[in-house]
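One is the number of the first residue; the rest follow in order along the sequence.
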Amino acid sequence: MAIADDLKKTLTDPTPLYFAAGTADLAVQQAKKVPDLIEQLRAEAPARIEAVKNTDPKAVQEAVTAKFNEVLGSIDPKKLGETAQDLALRGVGVAAEYAVRAKETYDKVAVHGEQAVRNWRGDVSAEIVDIAVAVEPEASAEPVSEPVAEAAADEKPVAKKPAARKSTAKKATVTADDAS
C-alpha cells in the first residue's frame, strides 16, 4: 500500500509542473536579454579579434610551458596517494553540497513557477490578499456606538438546547413483540 501512496503523492504533486513553468518563465526573461548581449558582442568583437591576431604564438607557448613545468615540479610522488584520497573526499563533500544547492534551487524555481502560473491565470497572490486584509478594515462592518457594544458585552449568550434524539430501540422492541 505504501507504493500506491507514494505513487499517488508523486502523481498529484504539482511541484514538477511549477518547476517547468518557472524554468520556462526564467528562460523567457533571459531570452529578452539576448539582443542586448548580441549588440555588446558585436561592438567588442573587432577589438578582441585584433588582439588575437596580434598575439605572438611563441609567447603563448612559452607561458603555457612554464606553467606546466611549475605544476609538474610541485608534485611530490610520496604525497600523491594522500593527495588523491584527500581529493576524493573533497569531491564527495562537494557533490553533497551541490546536491543540497540543487534541491534549494529546484524549490526556488518551483516557487517562481507557482507565482508565474498565478500571474498567467490572473490570480491574485495570497500574500497580497493577506496584506490587504491586514491593512484595510472590512467594508461591511458598520460603526457601532459604544453604549450598544457595552450592552451587548453584558448580555450572556443564550445556550441552545441540543435537539432530542429519537430512539429507534423502543420501536424495534415493539415491532418484535408485535410480530410474536
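- Note on residues 31-52: no pairs pass ring pair (Phe, Tyr, Trp, His ring centres under 6.0 Å), not counting sequence neighbours.
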For a quick test of your reading: what N or O donor-acceptor pairs under 3.5 Å do the side chains of residues 83-102 make, sequence neighbours left out?
from: Thr83; atom 1: OG1; to: Lys79; atom 2: O; distance (Å): 2.7
from: Asp86; atom 1: OD2; to: Arg90; atom 2: NE; distance (Å): 3.2
from: Asp86; atom 1: OD2; to: Arg90; atom 2: NH2; distance (Å): 3.1
from: Glu97; atom 1: OE2; to: Arg101; atom 2: NE; distance (Å): 3.4
from: Glu97; atom 1: OE2; to: Arg101; atom 2: NH2; distance (Å): 2.6

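- Identified under the side chain to side chain donor-acceptor pair (under 3.5 Å) test for residues 63-72, with sequence neighbours left out: none.
- With sequence neighbours left out, Asp56 forms a side-chain contact (heavy atoms from CB on, under 4.5 Å) with Lys58, Ala59.
- Under the 4.5 angstrom side-chain criterion for Ile, Leu, Val, Met, Phe, Trp and Tyr, Val52 has no cluster partners at all.
- For the ring pair (Phe, Tyr, Trp, His ring centres under 6.0 Å) condition, no pair includes a residue of residues 45-75, sequence neighbours left out.
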Atom pairs and distances, donor-acceptor, side-chain atoms in residues 30-43, under 3.5 Å, two or more places apart:
from: Glu39; atom 1: OE2; to: Arg42; atom 2: NH1; distance (Å): 3.1
from: Gln40; atom 1: NE2; to: Glu44; atom 2: OE2; distance (Å): 3.2

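- Among residues two or more places apart in sequence or in another chain, the side-chain hydrogen bond (donor to acceptor under 3.5 Å, both in side chains) test is passed with Asp107 by Lys103.
- Using a 4.5 Å cut-off on side-chain heavy atoms (C-beta onward), Arg121 and Arg118 make no contact.
- Chaining together hydrophobic side chains whose heavy atoms lie under 4.5 Å apart leaves Val28 on its own.
- Legend: salt bridge (charged side-chain N to carboxylate O under 4.0 Å, His left out) pairs involving residues 8-20, not counting sequence neighbours: none detected.
- For residues 13-57, the pairs satisfying ring pair (Phe, Tyr, Trp, His ring centres under 6.0 Å) are Phe19-Tyr106, with sequence neighbours left out.
- When all heavy atoms of Thr55 and Ala51 are compared, the closest pair comes out as OG1-O, 2.7 Å.
- For Gln29, the side-chain contact (heavy atoms from CB on, under 4.5 Å) partners two or more places apart in sequence, or in a different chain, are Asp25, Leu26, His112.
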